[in-house]
Visitor: 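Here it is, the structure in full.
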Amino acid sequence: MGVLNLTVDSFSDGGELLAPNGRLKRDALLRRAESFVAEGATYLDLGAESTRPGARGLSEDEECARIEEALAVLRPRFDVAFSVDSSTPRVFERASTLGATLLNDVRALQRPGALAAAAASRAAVCLMHMQGSPETMQDAPHYDDVVAEVIAFLEARIQAAKAAGVEDGRIVLDPGFGFGKTLNHNLALFRALPRLVALGYPVLIGVSRKRMLGQVTGREAAKDRVVAGAVLAAEAARQGVAIIRTHDVGATRDALAVIKALEAPG
Ligand code: HH2
């Protein structure tokens, strides 16, 4: 899954696809989507609001307009699945009408109206764990047992989604690397991926370029963390993770190809 951030302030690629005045850089968006698809992406994930701590808030109208414009530009040109990185019920409605088939919600459908909008959309939903809110989540994350708490949260959100009318077959889970987690929390969750996979739903993870990779490698610049991200993607695939959300599709595809070759002798 290739990440297309239509933002000025995303942590690794802010401003690349959106001008400071809020206008979409259509040519850059098309070029990025084209290269992601050529490199092997089967999903494109469109996000209009950064979840980086301290990111600028966005009005619902602005968020809807950005996602709608990007889908209008991309959908007719690329034969891939479109995902929308949003927590906003109106965006769920509009994006699914325009052909998005996955609603990727870092707030796990907790905004008022989100469960109902997701259920009505017929799209798949990614329920992600986050402790706290983006503004403060990295201040002092604390868990007694991070793995048990993340799994309990996801199980509760599965129940809420199902009660609202989202069938089992539409649910995807994500432990939310870097969302209210220290390095040790992230590593513990990564080691526990088989437990998450065992819940029986496809698991999606997003680790590319994140701070946890900088902490392990000492690489300050997000763009210098591509190799580290590809290694984690490969390991995640070995653990049964179904979807890798990444800023670096080519490197990730290579890593997954090697793992696949090892798994399929002959
Ligand atoms: N991470 C980010 C955003 N959305 N969605 C899921 N399901 N899982 C993730 O790990 C995840 C996500 C953060 O990355 P990015 O979109 O590049 O940054 P920003 O939030 O600054 O736009």
Side-chain angles (χ1 to χ4, degrees), residues 1-18 29 32 36 41 43-58 62-63 66-67 70 81-88 91-92 95 100-110 114 118 123-138 141 150 153-154 157 161 170-181 185-186 189-190 193 196 201-214 221-223 225-226 229 232-233 236 241-249 252:
M1 171 184 280
V3 179
L4 295 169
N5 282 319
L6 318 171
T7 65
V8 287
D9 44 13
S10 287
F11 80 97
S12 83
D13 56 355
E16 292 179 8
L17 305 179
L18 196 79
L29 178 63
R32 180 73 50 84
F36 278 176
Y43 281 92
L44 295 175
D45 187 43
L46 301 169
E49 186 176 19
S50 172
T51 49
R52 173 189 186 168
R56 196 174 66 87
L58 193 69
E62 280 176 302
E63 189 188 358
R66 263 185 225 173
I67 296 287
F82 285 91
S83 156
V84 56
D85 187 348
S86 175
S87 303
T88 309
V91 172
F92 295 163
T101 55
L102 175 63
L103 310 174
N104 172 25
D105 187 358
V106 299
R107 295 176 182 81
L109 306 179
Q110 291 181 100
V125 297
C126 178
L127 304 172
M128 197 197 81
H129 175 273
M130 163 163 56
Q131 185 181 77
S133 61
E135 301 74 45
T136 54
M137 65 188 179
Q138 287 308 113
V150 167
F153 170 86
L154 292 175
R157 296 315 297 159
R170 288 206 270 155
I171 295 175
V172 176
L173 302 178
D174 183 345
F177 289 105
F179 285 83
K181 282 138 194 140
H185 295 143
N186 288 318
L189 281 169
F190 203 94
L193 282 173
L196 212 58
Y201 299 89
V203 173
L204 180 159
I205 68 159
V207 288
S208 67
R209 303 190 182 185
K210 282 188 178 170
R211 198 155 66 102
M212 61 186 284
L213 302 176
K223 289 191 164 144
R225 301 171 185 162
V226 176
L232 271 195
V241 167
I243 303 172
I244 310 283
R245 179 184 185 275
T246 180
H247 304 82
D248 303 297
V249 173
T252 304

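Remember, predicted model here, so these are calculated numbers, not experimental data. Remember, it's 1-based here, ligands and their atoms both numbered in the order they're listed.
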Visitor: What is the nearest protein non-hydrogen atom to atom 1 (N) of ligand 1, stated with its residue, atom name and distance?
Guide: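 Checked against all protein heavy atoms, atom 1 (N) of ligand 1 sits closest to Lys210 NZ, 3.1 Å.
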Visitor: Looking at Asn5, which atoms of ligand 1 are within less than 4.0 Å of one of its heavy atoms?
Guide: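 Here the atoms of ligand 1 in question are 15 (P), 16 (O), 17 (O), 22 (O).
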Visitor: If we only consider heavy atoms of Arg209, is any one of them less than 4.0 Å away from an atom in ligand 1?
Guide: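 No; Arg209 lies far enough from ligand 1 that no heavy-atom distance drops under 4.0 Å.
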Visitor: What atoms of ligand 1 come closer than 4.0 angstrom to any heavy atom of Arg52?
Guide: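 Listed by number with element, the hits are 20 (O), 21 (O).
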Visitor: Please examine the side chains of Arg52 and Thr7, heavy atoms only from C-beta on, and report whether any two atoms are closer than 4.5 Å.
Guide: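 No. Closest side-chain heavy atoms not under 4.5 Å.
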Visitor: Counting non-hydrogen protein atoms only, what is the nearest one to atom 19 (P) of ligand 1? Give residue, atom name and distance.
Guide: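 Looking only at protein heavy atoms, the one closest to atom 19 (P) of ligand 1 is Ser50 OG, 3.4 Å.
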Visitor: Applying a heavy-atom cut-off of 4.0 Å, say which part of Asp45 lies close to ligand 1: side chain, backbone, both or neither.
Guide: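 Answer for Asp45: neither.
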Visitor: Please check whether Thr7 reaches ligand 1 - meaning an N/O of the residue sits under 3.5 Å from an N/O of the ligand, judged on distance alone.
Guide: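 Between Thr7 and ligand 1 (N or O atoms, distance only) the closest approach is not under 3.5 Å.
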Visitor: Backbone or side chain, does any N or O of Ser10 fall under 3.5 Å from an N or O of ligand 1?
Guide: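 Among all N and O atoms of Ser10, at least one is under 3.5 Å from an N or O of ligand 1.
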Visitor: If you measure every N/O of Met128 against every N/O of ligand 1, is any gap under 3.5 Å?
Guide: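 No; every N/O pair is 3.5 Å or more apart.
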Visitor: Please work out whether the ring planes of Phe190 and Phe177 are parallel, tilted or perpendicular, with thresholds of 30° and 60°.
Guide: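 Tilted.
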Visitor: Can you pull out the closest protein heavy atom to atom 5 (N) of ligand 1? Residue, atom name and distance to 0.1 Å, please.
Guide: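 The closest heavy atom on the protein side is Asn104 ND2, 3.2 Å.
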Visitor: I need the atoms of ligand 1 closer than 4.0 Å to a non-hydrogen atom of His247, numbered in the order shown.
Guide: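 This gives 15 (P), 17 (O) as the contact atoms.
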Visitor: Is there a polar contact, in the sense of an N or O pair closer than 3.5 Å, between Ser12 and ligand 1?
Guide: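 The answer is no, given that Ser12 and ligand 1 share no N or O pair closer than 3.5 Å.
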Visitor: Go through ligand 1 atom by atom and flag the ones less than 4.0 Å from a non-hydrogen atom of Asp85.
Guide: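 Reading through ligand 1 atom by atom, the close ones are 3 (C), 4 (N), 12 (C).
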Visitor: Tell me whether Gly206 has any N or O atom under 3.5 angstrom from an N or O of ligand 1.
Guide: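 For ligand 1, there is an N or O atom that lies under 3.5 Å from one belonging to Gly206.
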Visitor: If the cut-off is 4.0 Å to any non-hydrogen atom of Leu204, which atoms of ligand 1 fall inside it?
Guide: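 Listed by number with element, the hits are 7 (N).
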Visitor: As an exercise, identify every atom of ligand 1 less than 4.0 angstrom from a heavy atom of Val106.
Guide: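 Listed by number with element, the hits are 4 (N), 5 (N), 12 (C).
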Visitor: If hydrogens are left out, which of Arg245, Met1, His129 has an atom nearest to atom 3 (C) of ligand 1, that is, the closest non-hydrogen atom?
Guide: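 When every heavy atom of Arg245, Met1, His129 is considered, Arg245 comes closest to atom 3 (C) of ligand 1.
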Visitor: Which of these, Arg107, Arg157, Lys181, sits in a side chain to side chain donor-acceptor pair (under 3.5 Å) with His129?
Guide: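 Checked Arg107, Arg157, Lys181 against His129; only one passes side chain to side chain donor-acceptor pair (under 3.5 Å): Lys181.
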